[in-house]
A.B. asks: 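So that we are looking at the same thing, I have put the structure below in structure tokens.
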Amino acid sequence: MMSSHLPALIIVVPLLGAFVIAASGWVNRRYCYPLSLFVLSACLLTALGLLRQVLQNGEILYRMAGWDPPVGISLNIDHLNALVLVVITAVALVNVIATRRSVADEFADRLGPFYALYVLFVTGVCGIVATGDAFNLYVLLEIASLSGYALIGMGHDRAAHASLNYIFMGTIGASFYLLGIGYLYLVTGSLNMKDIAELLPLLYGSKVVLFALIICIAGLFVKMALFPLHAWLPNAYAFAPPASASLIAPLTTKVMIYVMIRIVLYVFTPDFAFDRLQLDEAIVWLAVAAIVMGSLFALAQRSLKRVLAYIIVAEVGYMVGGLWLGNRAAITGAVLHIVNDAVMTLCVFLAAGCILYRTGHDRFENFRGLFRTMPFSMAGLAAGALAIIGVPPTCGFFSKWYLISGGIAADHYGFVAALIFSSLVNIVLFFRIFEFAYYESPDESHNPHGAHSAAKLNEAPLEMVGALLFVAGMLVVLGLWTGEIVTRIIHFAIPAGIV
Amino acid sequence: MIGFYGIIAKRNLVKKIVGMNILQTAIILFYVSIGAKKGATIPIIAHHNGGHHGVNAVDYINPLPHVLMLTAIVVAVATLGVALALAIKVYRQYGTLEENEISEQIREQTAEK
């Protein structure tokens, strides 16, 4: 009985949970954390249940309140979004466990609002992924974004200013998307994604449809921070409080890429997007530019979080390029990379959070001797770094492998070269950090008992390190499971028409 | 488009926020205009004389975009609220709302470090 309502529960549970948490914040602040833990665990279980159902019975169509689409709002769960849902809820749950201490220190008087926003953000992204209605997607997108703006704005220092800039860019992006959906509604008279996809083939010649596609995609590019439109991202992520950064950084851009895949493959259909238009070539080159410039900008940074933020800009390029190459291997790579990149980003941001929690800053000069004082955090960072570089047993290698073979299959050697270039830059980037942390002894000013005494173990709290090592382990496990994920899930997530 | 220009070109943060709001309102008007039909009336179906005769859709404007825009208005208001709250926070921190003055202060701060 309950299992047939799982698609609705994944939105309703965190939504109600957010209100309960906000209310409990007024009664007693100690309830906030256990409550959000409970809500997020329930979400993860729901998502796992959904994935199981989808694997057994195929696509699920859930009619909200019993209205049939296209009149009613429907929730569509297929292989693609069941996978993404599991990743989202897992990332949110691990992160809430890992950051309990740093949240308690930073927002001691604002625990209620923080956790309410946190869970509300999860509501938004789960909803974006689950919905089958284009306008509903916009509303949930704004729920996620608004709570994201607030989460970032709660930080100190330049956070408020960075978050305000993010609001401007985010609103432009969302408005463009809304405008695009408006044009689609104008010509098809429907907002249901499946319905639009059925009605559109008759209208492929129409300029309105073309404009709708371009403006939707442009809006999504702003939201996902593809290279020329990425300006909001580095500051927003670097100045956000660590607990929100490690939630928002893995999820926002990845979910936007999911939306792009959904819109391109399932609303406009690959036929129209890839075959009829000449856009794909241009967008792949844009992605190449994003990869190259993201890597170069990352090289120029002097603090860990900003480096990571620019790496995200480059990673977005990977996935956008993968989708628009338009062949099976490349799209498989893009979808796989959504999963992997979410886990990798979580891993490195958690490591950055650990280091920040202990040392208070994340500039490279302060990393001296960190391998000695914080061996486990640095091990986590190293694992994340290896995955981002793409060293074989970790998951990063496999998605890159698919992307590169997709690039070769599409005869797009520029993209292949950009991928390899960015891997090389990442090697330089991370080994520069490790050089500081491994070979140089701890700074004397940090060690008042004299430079010669062995640096004491000064590790972050157990929950943080435990969660970090768990995520680092997942990187390898996901890598080993790649074959399984691709053949059982992603294979079905891509429309059969794509070779 | 005026709003878009406002966001990009203006240096004052409040003016940017106003620009953002104009952009959103423009989209709301666009949706509302989709629903309009020539010579149609408001979409209220009156049930006088028993009310079981068929409804001629051409006589009524399409109410769906208006309903959608109720949600969009709520979203716009919420965005405005968050943006203004952050603008207040920025003002408390820097004592100004002009972008160039803020970035100057930021540059000074980083130089001090």
Side-chain angles (χ1 to χ4, degrees), chain A residues 70-71 73 117 133-136 138-143 145-187 189-191 215 219 231 235 239 302-303 361 363 365, chain B residues 1 3-4 6-8 10 13-17 19-35 57 62 64-65 67-72 74-94 96-97 99 102-103 105-106 109-110 113:
Chain A
V71 177
I73 290 170
L117 283 169
D133 183 280
F135 184 78
N136 204 231
Y138 164 76
V139 176
L140 289 159
L141 179 68
E142 285 290 357
I143 292 179
S145 313
L146 283 172
S147 36
Y149 304 145
L151 280 176
I152 292 176
M154 281 172 102
H156 305 291
D157 209 12
R158 284 166 58 186
H161 188 228
S163 174
L164 197 56
N165 278 333
Y166 180 22
I167 290 193
F168 293 138
M169 295 308 283
T171 308
I172 293 177
S175 300
F176 273 22
Y177 172 78
L178 184 59
L179 196 58
I181 295 300
Y183 280 111
L184 272 185
Y185 178 72
L186 193 63
V187 288
S190 174
L191 287 167
I215 209 156
N235 276 340
F239 295 109
R302 301 292 298 156
S303 76
H361 25 65
R363 295 181 71 77
E365 296 87 69
Chain B
M1 278 301 107
F4 191 50
I7 299 180
I8 305 288
K10 291 291 171 194
L13 289 179
V14 172
K15 281 185 187 162
K16 279 191 170 209
I17 292 173
M20 182 178 90
N21 226 24
I22 294 176
L23 177 66
Q24 286 174 324
T25 317
I27 290 170
I28 291 172
L29 283 177
F30 165 71
Y31 266 80
V32 170
S33 69
I34 291 176
N62 183 358
L64 191 67
V67 180
L68 296 178
M69 283 312 104
L70 279 181
T71 326
V74 175
V75 168
V77 171
T79 318
L80 183 66
V82 177
L84 285 175
L86 281 171
I88 292 172
K89 209 176 162 189
V90 169
Y91 183 75
R92 284 204 192 125
Q93 211 170 348
Y94 298 103
T96 173
L97 281 173
E99 278 254 280
I102 292 174
S103 40
Q105 287 192 21
I106 289 173
Q109 280 172 1
T110 39
K113 281 175 196 166

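The sequence lines fix the lettering, A, B, ..., with proteins before strands; numbering per chain opens at 1.
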A.B. asks: Chain A heavy atoms under 4.5 Å from B/Thr71: which part of the residue, side chain, backbone, both or neither?
C.D. replies: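 Contact with chain A: side chain only.
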
A.B. asks: Measure from the ring center of B/Phe30 to the ring center of A/Tyr183 and say whether it is less than 6.0 Å.
C.D. replies: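 So the answer is yes for these two rings.
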
A.B. asks: Roughly how far, to the nearest 0.5 Å, is the CD atom of A/Glu142 from the CD atom of B/Gln24?
C.D. replies: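 That separation rounds to 6.5 Å.
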
A.B. asks: Kindly assign one of parallel, tilted or perpendicular to the pair B/Tyr94 and A/His161, based on the angle between their ring planes and the thresholds 30° and 60°.
C.D. replies: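 Aromatic pair B/Tyr94/A/His161 classed perpendicular.
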
A.B. asks: I would like to know whether A/Ile167 and B/Ile17 meet side chain to side chain contact (heavy atoms under 4.5 Å, CB included); could you show each step before the answer?
C.D. replies: CA-CA 9 Å; A/Ile167 290 193; B/Ile17 292 173; over 6 Å; no

A.B. asks: Between A/Leu164 and B/Ala87, which heavy-atom pair has the shortest distance, and what is it?
C.D. replies: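 Taking A/Leu164 first and B/Ala87 second, the nearest heavy atoms are CD2-CA, 4.1 Å.
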
A.B. asks: Looking at CG of B/Leu13 and CZ of A/Phe168, how far apart are the two atoms once the value is rounded to the nearest 0.5 Å?
C.D. replies: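 Going from the CG atom of B/Leu13 to the CZ atom of A/Phe168 covers 5.5 Å.
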
A.B. asks: Using every non-hydrogen atom in the two residues, find where B/Val82 and A/Tyr149 come nearest and quote the distance to one decimal.
C.D. replies: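 For B/Val82 versus A/Tyr149, the nearest heavy atoms are CG1-CB, 4.1 Å.
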
A.B. asks: What is the minimum heavy-atom distance between A/Tyr138 and B/Val75, and which atoms define it?
C.D. replies: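 Shortest heavy-atom separation between A/Tyr138 and B/Val75 comes out as OH-CG1, 3.6 Å.
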
A.B. asks: What part of A/Ile181 lies closer than 4.5 angstrom to a heavy atom of chain B: side chain, backbone, both or neither?
C.D. replies: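 For A/Ile181, the contact with chain B is made by backbone and side chain together.
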
A.B. asks: Could you state the interatomic distance from OG1 (B/Thr79) to CG (A/Leu146), rounded to the nearest 0.5 Å?
C.D. replies: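 The distance works out to 4.5 Å.
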
A.B. asks: Between A/Gly153, A/Ala159, A/Ser145, who has the most heavy-atom pairs with chain B when the cutoff is under 4.5 Å?
C.D. replies: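 Ranked by contacts with chain B, first place is A/Gly153.
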
A.B. asks: Would you say the side-chain atoms of B/Tyr31 pair up with the backbone N or O of A/Leu178, donor to acceptor, closer than 3.5 Å?
C.D. replies: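 Judged by distance alone, yes, a pair lies under 3.5 Å.
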
